[in-house]
There are 2 protein chains.
Amino acid sequence: MLAYSGTVGDVFKALADPTRRVIMDELVLRDGQTLFELCARLMNVHGSQSSRQAVSQHLAVLEDAGLIATHRAGRTKIHTLNTEPLRSITERWPLDR
Amino acid sequence: MLAYSGTVGDVFKALADPTRRVIMDELVLRDGQTLFELCARLMNVHGSQSSRQAVSQHLAVLEDAGLIATHRAGRTKIHTLNTEPLRSITERWPLDR
DNA sequence: TTGACAGGCAAGTGTGTGCTTGCCTATTCT
DNA sequence: AGAATAGGCAAGCACACACTTGCCTGTCAA
């Protein structure tokens, strides 16, 4: 039971940023990472140079769009991928013509 | 054989705008429309209030992203939908987990 | 309890983007 | 030929957005 307030447009706006797409890629590789883990992996694995605050704001956008879910574990925050909103894309504009 | 110069990110940026999504919707309903036809239908059918120039610029963005193809017919320009770039979305972040 | 760790909040900045405005080219009709 | 039609080009404006900066809150270890 996921509770996110994103509209359809928020999904596209969220994915319009290249850094946020890389975050999605990284969560596909390893789901359930914290903010610091994501920061380190974005730098080392993906060559991104985003600061912690920048990544944090990107994660907030992705969460508002419903593309990731979060829950706190102690002093860390676990980010989990949710690709379900992407389904509406191919449903809206069918691929087979 | 479609020739468009759009990158992956252009597809998302193109779909991040609500007016452009409505244009896509309208082209699903009735493919191969001209600029003026699209302007009229956006106003009457979809309640949009975009000017001719605004719609024209939106169509250019969609064409750069490879989401529509165009060809001239006399003094009109026919816009044809192409949903193929959308396939890369679900391929990049698979839906079934 | 004190310090380090993980993250959040809010204001300010600079670039990007959607839209308008004004004028231009090309094609069709009478 | 002349006028109307269909669309293009380019400069300017206003707002949105990504990012920084600085400081604050909560959690764990010593």
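Everything numeric in this text was worked out from a predicted model, so none of it was measured. Residue numbers begin at 1 in each chain, while the letters A, B, ... track the order of the sequences.
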At less than 4.0 Å, is any side-chain N or O atom of B:Ser56 found next to OP1 or OP2 of D:dG7? Yes or no. no

Given atom CZ of A:Phe36 and atom P of C:dC5, what is their separation to the nearest angstrom? 9 Å

Starting at CD of B:Gln33 and ending at C1' of D:dG7, how long is that distance when rounded to a whole Å? 16 Å

B:Asp64 CG - C:dT17 P separation (whole Å): 12 Å

Would you mind reading off the distance between B:Gln53 atom CD and D:dA6 atom P, rounded to a whole angstrom? 15 Å

Side chain of A:Arg52 - closest among D:dA6, C:dT20, C:dG8: C:dG8

Separation of atom CZ in B:Phe12 from atom C1' in D:dC17, rounded to whole Å: 18 Å

Going by heavy atoms in the side chains, are B:Trp93 and A:Leu15 under 4.5 Å from each other? yes

Counting only side-chain nitrogens and oxygens, does B:Lys77 get under 4.0 Å of the OP1 or OP2 atom of D:dA6? no

Is the phosphate of D:dC17, meaning OP1 or OP2, less than 4.0 Å from a side-chain N or O of A:His58? no

Consider the side chain of B:Thr34, meaning its heavy atoms from C-beta on, and name the nucleotide among D:dC19, C:dT21, D:dG7 that approaches it most closely. D:dG7

With a 4.5 Å limit on heavy-atom distance, are the side chains of B:Ile68 and B:Leu62 in contact? yes

Could you check which of C:dA6, C:dG18, D:dG7 has an atom nearest any side-chain atom of B:Thr76? D:dG7

At under 4.0 Å, does any side-chain N or O of B:Arg20 touch on OP1 or OP2 of C:dG18? yes

Given atom CG of A:Asp17 and atom C1' of D:dA16, what is their separation to the nearest angstrom? 13 Å

Between C:dG7 (C1') and A:Ile78 (CD1): distance, integer Å: 12 Å

Output the single nucleotide from C:dC9, C:dG18, D:dC28 whose closest atom is nearest the side chain of A:Arg75. D:dC28

Going by heavy atoms in the side chains, are A:Arg92 and B:Asp25 under 4.5 Å from each other? yes

Given side chains that start at C-beta, do those of A:Arg41 and A:Arg30 come closer than 4.5 Å, heavy atoms only? yes

Side chain of A:Arg72 (C-beta onward), nearest among C:dG8, D:dA18, D:dC9: C:dG8

Nearest whole angstrom, please: distance from the C1' of C:dA26 to the CG of B:Leu35. 15 Å

Does a side-chain heavy-atom distance below 4.5 Å link A:Leu38 with A:Thr34? no

Look at the side chain of B:Ser51 and decide which nucleotide, out of D:dG8, C:dC29, C:dT20, has an atom nearest to it. C:dT20

Would you indicate which nucleotide in D:dG8, C:dT20, C:dT28 comes nearest to any side-chain atom of B:Gln57? C:dT20

Which is true for B:Ser50 with a 4.0 Å heavy-atom rule: it touches a base, it touches only sugar-phosphate, or it touches nothing? nothing

